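Reviewing the structure listed below.
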2 protein chains.
Amino acid sequence: MSDDTKALVRSTALRLFRERGYAATTMRAIAQEAGVATGNAYYHFASKDHLVQELYLDVTREHAVAARAVLAQGGDLTARLRGVMLAGVDAFAEYHAFGAEFVTVAIRPGSAASPFSTESGASRELSQDVFRELVEGASPAVPTGLREELPELLWLAQLGVTLFWVYDGSPDQRRTRTLVEGIAPLIGRLVRLSRLPVLRGAADDVLALVRAVRS
Amino acid sequence: MSDDTKALVRSTALRLFRERGYAATTMRAIAQEAGVATGNAYYHFASKDHLVQELYLDVTREHAVAARAVLAQGGDLTARLRGVMLAGVDAFAEYHAFGAEFVTVAIRPGSAASPFSTESGASRELSQDVFRELVEGASPAVPTGLREELPELLWLAQLGVTLFWVYDGSPDQRRTRTLVEGIAPLIGRLVRLSRLPVLRGAADDVLALVRAVRS
DNA sequence: ATGTTCAGTTGAACGTGTTCAACTGAACGC
DNA sequence: GCGTTCAGTTGAACACGTTCAACTGAACAT
């Protein structure tokens, strides 16, 4: 049946991606391993990028589950951000050997696997929801002025951390973990300070900039 | 002569990149247009990425010249940062249609064209020197604690702005310019505030983080 | 003159992602 | 039964980046 074939191609592709990475996994190998013709894989998935996109969806789902477990424990913004970001590093760890390749594919603006693409909508929503929960459930509560924009900013920060992770050659991605350990309290502190008169202006500028740039 | 051939391949490639973009410029087309065999192009340049790298070097040089003209006018950190970044947007503007492709190539960690690669050393040094001048020549002077790390941070910020620029579909890259107009005074303000007791801790954290993460 | 070397050059060949005209067979209408 | 349709499937074909064994010819040694 068609649906079976599609699922078979999908799972075969994901397995090979995990085993061999992106470049070393050829469309011919995927098709052969799945027992179908190359053209058939293309009937079900428009391109190799669309298959990678499926991998992202898997990983994002894993991360969302792990992140929700962290968020269930409560905590302040710093603790929650730290937990969610570290859960991300853990969820991605399995793929670090090929992470560079995959992020490369993801960052290509035209790519289906780009975090900003229409095709990635599902992963993106899933991931942004986690950050929304992160912000909304934090106690003490995040200042109201920031509550609306912060989730998206944190999601972007997570993308930045992931970009750093790609280039991180240290064992077990220690440097990325160090970055997270440093950046979470830093963001937490800045959010707290944003209510102070001296920083009020800067905070407003950030928000105004985000809004101006988005439209 | 060999050097002539190399220069010819180089200039032909750069012309075609400018005219057609990265993907649409094939190695065969470069070779044919230059009147040499395909293999000959590979004798002089290890890969297509290495040819793109030559384009980056050109653009970086243009940007450095424009940036130095801006810096010669003096000014405070905000004005200088704004000027240098806007000069960057202008220098890159010609390539915006294909910018996405090129940055994609650049960001691939293994790529010769990556801003962090050994091969890009020349462009990187050139560009980082500009930001060092930017910081050192600013008046009022940048706080001593920041003076050492800030140039590299600003260089990274420029990379971030460039990444944004890639995705910026607005006419004349208005949104990127808005981003620069907003982010320059923001950075300027934060640097000024970093001396205040309330922010002193956060500023130290940022520097400690940068150093911890770099090693 | 003749032989030797080797940087420079050639173009066919390889494996890749992707396309596409052709084929298959189950489902459906009559 | 029979014809028609079309989602699903096939594998050869295309253009690409890249490799490489073979060739060229100027420079030099004998």
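Naming convention: chains lettered A, B, ... in sequence-line order (proteins, then strands); numbering from 1 in each chain. It should be emphasised that the depicted structure is a prediction, and the values quoted were computed from it without experimental measurement.
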By ring pair (Phe, Tyr, Trp, His ring centres under 6.0 Å), which residues pair with [X], not counting sequence neighbours?
| X | answer |
| --- | --- |
| B/Phe116 | A/Tyr167, B/Trp155 |
| A/Phe102 | A/Phe17 |
| B/Tyr42 | none |

Q. Can you find a side chain N or O atom of A/Asn40 that sits less than 4.0 Å from OP1 or OP2 on D/dT10?
A.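 For D/dT10, OP1 or OP2 has a side-chain N or O of A/Asn40 closer than 4.0 Å.
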
Q) Any side-chain N or O of B/Thr5 less than 4.0 Å from the OP1 or OP2 oxygen of C/dT9? A)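 Yes.
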
Q. Which residue pairs pass the side chain to side chain donor-acceptor pair (under 3.5 Å) test with at least one member in residues 67-78 of chain B, sequence neighbours excluded?
A.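 Sorted result for residues 67-78 of chain B: B/Arg68-B/Glu133.
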
Q.
Under a 3.5 Å threshold, yes or no: a donor from one side chain and an acceptor from the other, between A/Ser117 and A/Ser120?
A.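 On atom types as modelled, these side chains qualify, holding a pair under 3.5 Å.
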
**Q.** Residues that A/Ala157 engages under side-chain contact (heavy atoms from CB on, under 4.5 Å), provided they are two or more places apart
**A.**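 A/Ala157 satisfies side-chain contact (heavy atoms from CB on, under 4.5 Å) with A/Met85 once adjacent residues are dropped.
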
List, with names and distances, any nitrogen or oxygen atoms from the protein found under 3.5 Å away from nitrogen or oxygen atoms belonging to nucleotides 5-7 of chain D.
none

Nearest whole angstrom, please: distance from the [atom2] of [N] to the [atom1] of [X].
| X | N | atom1 | atom2 | answer |
| --- | --- | --- | --- | --- |
| A/Phe45 | C/dT19 | CZ | P | 16 Å |
| B/Lys6 | C/dG8 | NZ | P | 10 Å |
| A/Gln32 | D/dT9 | CD | P | 17 Å |
| A/Ile30 | C/dG15 | CD1 | P | 18 Å |

Listed partners of [X] passing salt bridge (Lys or Arg N to Asp or Glu O under 4.0 Å), at least two apart:
| X | answer |
| --- | --- |
| B/Arg20 | none |
| B/Glu148 | none |
| B/Asp58 | B/Arg10, B/Arg18 |

(Q) Applying salt bridge (Lys or Arg N to Asp or Glu O under 4.0 Å) as the test, list every pair that has at least one member in residues 151-161 of chain B; sequence neighbours left out. (A)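 Checked against salt bridge (Lys or Arg N to Asp or Glu O under 4.0 Å) - neighbours excluded - the pairs reaching residues 151-161 of chain B are B/Glu152-B/Arg214.
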
Q) With the sugar-phosphate defined as primed atoms, P, OP1 and OP2, and the base as all remaining atoms, what B/S/- string results for nucleotides 12-18 of chain D, 5' to 3', for protein heavy atoms under 4.0 Å? A) -B--BBB

Q) How large an angle, rounded to 10°, do the end axes of the helix from C/dA1-D/dT30 to C/dC30-D/dG1 enclose when each is built from five base pairs? A)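 Nearest ten degrees gives 20° for this helix.
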
Q) Does the side chain of B/Leu55 come within less than 4.5 Å of B/Tyr95's, by heavy atoms? A)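 Sidechains of B/Leu55 and B/Tyr95: in contact.
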
